[in-house]
Enquirer: 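Dropping a structure here in structure tokens format, bear with me for questions.
For ligands, and for the atoms within them, numbers begin at 1 and follow the listed sequence. Numbering of residues begins at 1 and proceeds along the displayed sequence. Predicted, not measured: the structure shown is a model, and the values here were computed from it.
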Amino acid sequence: MKTQYERISILGLGAMGRALASALLDSGREVTVWNRTPGKAGELVTRGARVASSPEEAIHVGDLTVVCLLDDASVRATLAPAVRELGGGTLVNLTSGSVRQARELARWLTGHGVHFLAGGIMAVPATVGTQGAFVLYSSARDVFDRVAPVLGSIGRSHWVGEDPGFAALYDMAALSGMYGLGAGADHAVALVHAEGGDVETFRQEVLQPWMEQMLPITVAGADASETVPDEYNPAMQATGLENILSASGEAGVPAHLAGHLRASLWRMRRAVDAS
Ligand SMILES: NC(=O)c1ccc[n+]([C@@H]2O[C@H](COP(=O)([O-])OP(=O)(O)OC[C@H]3O[C@@H](n4cnc5c(N)ncnc54)[C@H](OP(=O)(O)O)[C@@H]3O)[C@@H](O)[C@H]2O)c1
């Protein structure tokens, strides 16, 4: 296995693939790009990226192949004809997928002699390469140790274990948390809007500082067992949630926006019933 990766090939030039290529060019690497639909390399070419005409060609010229496509099916379709070219090389998959898909991809590629690393990008294209961006990696630690310094220009590299499914697992679980916050914020804004409140003032002066205050407590208190500690006073919380749901109904906020509140209410009522 190579220990220095100066020539990096990127398969996929969607919004994220282009951001990855840009960050790697910034770090001084030689970057070769391939995309199913030609003509997507744009200004990457003027900045020095080379365009390959096939995945095989891109894999051949690179020391390290980074894959960032839509989903697992597109990764399989792209790599299947090129898998012989990959043997003995190193490949990092930064395409989102399920835990099972990541494990099966790892089994398939390592079976063909590929040094494989699974990844999950905790950034959006605009934040790739910035201070807050980080990337979760899993599978063989020695592959991570070699690759992480090179891919550090994308975002901080964070290894989460030998299981190749863990990068996808932690990525998806973190996204679940993010969508939960988003659902709550959407409902909050809909409620203020429906009752004639000043949405911008509410957003900046109330919602933002409140969510910032509660975020560490919410994360620390998340519990897979679905139990609610007594000190959280589930009876009081159930009453509070019923109030919010009533207010939401009175304001005419669509019921589907309040799904997260009903999930919390179910949990609190269950805790009350169990006490
Ligand atoms: N964007 C984000 O905020 C973000 C954040 C974290 C993770 N991700 C993950 O990064 C990955 C890429 O996201 P993106 O934002 O770059 O998506 P995107 O802009 O929709 O780009 C999708 C890419 O996949 C390619 N593709 C789709 N189907 C294909 C197939 N059957 N064979 C070969 N190539 C195929 C597309 O090629 P064509 O140009 O030919 O269609 C394009 O290069 C996804 O797995 C996404 O979940 C994205």
Enquirer: Run the numbers for me: atoms of ligand 1, each under 4.0 Å from some heavy atom of Thr95, listed by number.
Expert: 45 (O)
Enquirer: In ligand 1, which numbered atoms sit nearer than 4.0 Å to a non-hydrogen atom of Val124?
Expert: 3 (O)
Enquirer: At what distance is the nearest protein heavy atom to atom 48 (C) of ligand 1, and which residue and atom is it?
Expert: Met16 CE, 4.0 Å
Enquirer: Ion pair present between Glu242 and Arg262, side-chain N to carboxylate O less than 4.0 angstrom?
Expert: no
Enquirer: Is the closest basic N to carboxylate O distance between Glu57 and Arg50 below 4.0 Å?
Expert: yes
Enquirer: Counting non-hydrogen protein atoms only, what is the nearest one to atom 20 (O) of ligand 1? Give residue, atom name and distance.
Expert: Leu70 CD1, 4.2 Å
Enquirer: What protein heavy atom sits nearest atom 46 (C) of ligand 1, and how far away is it?
Expert: Ser96 OG, 3.5 Å
Enquirer: Within the side chain of Ser176, is there an N or O that forms a donor-acceptor pair under 3.5 Å with the backbone of Met172?
Expert: no
Enquirer: Between Phe134 and His158, what is the ring plane arrangement, given parallel below 30°, perpendicular above 60°, and tilted in between?
Expert: perpendicular
Enquirer: Taking non-hydrogen atoms only, is Ala123 closer than 4.0 angstrom to ligand 1 via side chain, backbone, both or neither?
Expert: backbone
Enquirer: Is there a side-chain contact between Leu245 and Leu265 in this structure, where contact means two heavy atoms from C-beta onward sitting under 4.5 Å apart?
Expert: yes
Enquirer: Under 3.5 Å, side chain of Arg36 to main-chain N/O of Gly12, donor-acceptor pair present?
Expert: no
Enquirer: Judged by non-hydrogen atoms, does Ala77 sit under 4.0 Å from ligand 1?
Expert: no
Enquirer: Do Leu24 and Asp26 touch side chain to side chain, with heavy atoms closer than 4.5 Å?
Expert: no
Enquirer: Looking only at heavy atoms, is any part of Lys40 under 4.0 Å from ligand 1, and if so is it the side chain, the backbone, or both, or is it neither?
Expert: side chain
Enquirer: Donor-acceptor pair, Glu6 side chain versus Glu30 backbone, under 3.5 Å?
Expert: no
Enquirer: Ile121 heavy atoms, cut-off 4.0 Å: which ligand 1 atoms fall inside?
Expert: 6 (C)
Enquirer: Treating Arg267 as the side-chain partner and Thr227 as the backbone partner, does any N or O pair qualify as donor plus acceptor under 3.5 Å?
Expert: yes
Enquirer: Does Arg76 make a cation-pi contact with Trp108 (under 6.0 Å, within 45 degrees of the axis)?
Expert: yes
Enquirer: Measure the distance from atom 36 (C) of ligand 1 to every protein heavy atom, then report the residue, atom name and distance (to 0.1 Å) of the closest one.
Expert: Asn35 OD1, 4.2 Å
Enquirer: Starting from atom 38 (P) of ligand 1, locate the nearest protein heavy atom and write down its residue, its atom name and how far away it is, to 0.1 Å.
Expert: Thr37 OG1, 3.5 Å
Enquirer: Which one of Cys68, Gly97, Pro125, Ala15 has a non-hydrogen atom at the shortest distance from atom 1 (N) of ligand 1?
Expert: Pro125
Enquirer: Among protein heavy atoms, which sits nearest to atom 33 (C) of ligand 1, and what does the distance come to when rounded to 0.1 Å?
Expert: Thr78 OG1, 3.4 Å
Enquirer: When you measure from atom 17 (O) of ligand 1 to the protein, is at least one non-hydrogen atom found at a distance under 4.0 Å?
Expert: no
Enquirer: Determine, considering heavy atoms only, which of Leu69, Ile10, Asp72, Asp71 sits nearest to atom 44 (C) of ligand 1.
Expert: Leu69
Enquirer: Judged by atom type as modelled, is there a donor-acceptor pair below 3.5 Å linking the side chain of Asn35 to the main-chain atoms of Lys40?
Expert: no
Enquirer: Out of all atoms in ligand 1, which are within 4.0 Å of some heavy atom of Leu13? Include the element for each.
Expert: 43 (O)
Enquirer: Just which atoms of ligand 1 are under 4.0 Å from any heavy atom in Ser74?
Expert: 28 (N), 29 (C), 30 (C), 31 (N), 32 (N), 35 (C)
Enquirer: Using atom types as modelled and distance alone, determine if a side-chain donor or acceptor of Arg146 lies under 3.5 Å from a backbone N or O of Asp142.
Expert: yes
Enquirer: Do me a favour and list the nearest non-hydrogen protein atom to atom 21 (O) of ligand 1 with residue, atom name and distance?
Expert: Gly14 CA, 3.3 Å
Enquirer: Can you tell me which residue and heavy atom of the protein come closest to atom 31 (N) of ligand 1, and the distance to 0.1 Å?
Expert: Arg36 NH1, 3.3 Å
